[in-house]
Amino acid sequence: MVLVLNEEQQMLKDAARDFLQERAPVSQLRELRDSSNSEGFSRALWTEMVEMGWSAILIPEKFGGLGYGYTGMGIVLEESGRTLTSSPLLGTATIGVAAIATYGSEEQCVSILPAVVNGRHLLALACDESGQHNPEHVSTQAVETHTGYRINGRKIAVLDGHIADTFIVSVRTGKGISLFLVPVDSSGVSVEQYPLLDTHFAADLRFDQVAVGKDQLLGELNGGLAMLEKILDVGRIGASSEMLGIAQEAFERTMEYLKERKQFGVLIGSFQSLQHRAAHLFGEIEMCKSLVIKALHELDENSGGNAELASLTKAMLCKTAHLATTEAIQMHGGIGMTDEFDIGFFLKRCKILESLYGDHYYHLDRFARLRGY
Amino acid sequence: MGFYVTNPDPFRHKVRDWLEVNCPESMRQPYRSEADLCWGGRNCKFQNKDQKLWLQRMVSKGWTVPTWPTEYGGGGLDREQTKTLNEEMARIHARPPLESFGISMLGPALLKFGTNELKQQHLPPIARGEIRWAQGYSEPNAGSDLASLQARAEDKGDHYLVNGTKVWTSYGELGDWMFCLVRTDFEAKKHAGISFVLFDMNAPGITIRPIKLISGNSPFTEIFMEDLRVEKNQVVGDINKGWTVAKYLLTHEREMIGGSGLSRAGSIPISKVAVAVLGMENGILSNTMLRTDIAHFEMDEFCLELNTERARDKVKAGVSLGAASSMFKYYGTELNKRRFELLMAINGSDAMVWEGGESRSGYLPKTWLRSKGNSIEGGTSEIQLNIVAKRILRLP
């Protein structure tokens, strides 16, 4: 197993970096926040990303996609972490597509995936119902009717819930949990959106007597939990890729600062107390680079999934990206606390990704359980 | 992938067949400690017949040092073949046939800096396990600040006369020859006056004193050199340029010590030990606080293994590791200390027993105590962090 990028992947990485640094730098996130944009992302930028082919990376060729795989997706997510770019890359192009391309029927794929490729259709996974992530905790219910099902309940903190055209919703169905594809314009669906601390948006969803057909069931009836865990693992590894980009960028910016800021007449980077913390953090980030590549390779090569590795990756990236962004603030000192300076944006975005689909503690516990202790 | 299924790697099959026939059954057990390994040397005492046979057979293939050129007793294997050999040995839990500082430290330095004569003289006996080498680096007043070493080598025409003290020499009393740093220019700046020399430890003028550690064991010695004669043709690299050789050798030493954080093939995962000793409650390890630390540890351990793998991939892709060996040394040794702290906690009062009872001669507490030295020897953790900060991060 080779844990370095091949030539083609390196080219994708370079192209992604060039595009994002030029078209979607961190300053754009600030503009989004300070403008009256009520969506938390730029549709014009998404159109450009679609033209780059990024909405199609995970979509099989027969549905108009590139079928390029998770390693390629992870590379782009990592680069978008460096620029803190707000876009449907994670929610739609990674998680939503993984769900439908893996478990969708031919009809479901045909009706949704080509539209995702074109950038005309956005997706959101709606699974959480309380502040602590727990995919097994589902009280949203579907009752069988003679034409299909009727759904009642609510979902909270849905990533991209405010812009999605179709929701992938986990629902209790008698003997277990099932996943349904629910269009946003279904009668009885209401969406309440709000900005998060990182300027991105999320939404709470309410389902009030929402009628869905049998053809809207994703995968097997009552088999939703196992599917959901695998979809979530894709999301966890995708979020980890993005956190890897955040950690590296925050770290590199901090190293630059240590080499230009003077106190006591010398560069602060000459102080051993800072050098040792920087060197320690460097090592932690190096470990995470290996881990993220490994986790992405595993998604590409092992269709059975590797839940243990997914939890390990999410837990480690939560820990390390958290360390990188908090050390970044501390080492920048007073200026790091100001809104005028960009480094604080990294701390904020990182916090959202840390909490998404299980934080450090959640995944420590899940990892230990999966290892049998 | 299909390629390998229809066309199995012929080298792998040759290796597998050869190991099957030639690796004695008793050499296919994971080793518990360094004492289970053969270190070679003039006074080598084999634990049993199999150990000797295993060494001889591997020597005949040159596989005690698979990457070295065949003319120096090596196997002449490329990286891919070496990896295959290691994988096939790991597959049957074959013990390394020979462990030595000659292989892991001096050999690479000689291959890079030694004259043809020095290589011819010293490499084949290392490959055959005939000469055991000891390291003469640290001194009582030159620890972390190694380059301030004071052992004096006076120029006497065709030879040097060496006076000084070396400390922390591993297994000095078992060493046949020593590679040693001495000062040959007393006026130059500290890094510029050092030479890297070799000498036979049976020579007159050498006294060896064991150093007893907090673990109760004495794996280290102090070496006193009084009017010791060192031949001029036994200088590795240029005179007064020994620091270059010394640093190169240190990167190899660091990688070796850093490897101590990696779990050994066939060793039991620490969580399994914890479950066996402490038991489960409500489907999880009964001690939930310890469980968190164990999960942390196992994650870090896995990451180090992956990162080591990625480093190997990088080397294969032609990217040099260089100062990154300091990161591995730091991470690996800190991890190993954590491993023993966890084992001590898991075993509770049983781990306090020094002798007798179920304590296996106090193996755990002694190894725990010994592990404290991991982050000191071969350059302290703090020195490694200095190297990463300066050489990799380019901090002022």
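All of these numbers come straight from a predicted model, not from anything done at the bench. Each chain gets a letter, A, B and so on, in the order its sequence line appears, and its residues count up from 1.
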### side chain to side chain contact (heavy atoms under 4.5 Å, CB included) between A/K289 and B/N307, intermediate numbers included
CA-CA 8 Å; A/K289 285 185 193 170; B/N307 214 38; 5.7 Å; no

### Query
Going by heavy atoms in the side chains, are B/V388 and A/H280 under 4.5 Å from each other?
no

### Task
Answer with side chain, backbone, both or neither: which region of A/F251 has an atom nearer than 4.5 Å to a non-hydrogen atom of chain B?
side chain

### Message
Can you tell me which portion of A/S311 sits under 4.5 Å from chain B's heavy atoms? Options are side chain, backbone, both or neither.
### Response
backbone

### Summary
If one checks every heavy atom of A/Q272 against chain B at 4.5 Å, the contacting part turns out to be side chain

### Region of B/M280 in contact with chain A, defined by heavy-atom distances below 4.5 Å
side chain

### Message
Report which part of B/E382 has an atom under 4.5 Å of a heavy atom belonging to chain A: side chain, backbone, both, or neither.
### Response
both

### Message
I need the residue from B/R291, B/K390, B/M327, B/K272 with the largest number of non-hydrogen atom pairs under 4.5 Å to chain A.
### Response
B/R291

#### Entry: Which atoms of A/L309 approach chain B - backbone, side chain, both or neither, heavy atom under 4.5 Å
side chain

## Note on the structure
Pair count under 4.5 Å, heavy atoms only, with chain B: among A/L274, A/V266, A/L291, highest is A/L291

### Message
Looking only at heavy atoms and a cut-off of under 4.5 Å, which of B/L285, B/N386, B/I392, B/I387 has the most pairs with chain A?
### Response
B/N386

#### Entry: Residue, of B/T292, B/V275, B/L278, B/I284, that accumulates the most heavy atom pairs under 4.5 Å with chain A
B/I284

### Lys/Arg N to Asp/Glu carboxylate O, B/E309 vs A/K294, below 4.0 Å
no

### Query
Is the number of heavy atoms from other residues, nucleotides or ligands within 6.0 Å of CG (B/N141) greater than 12?
no

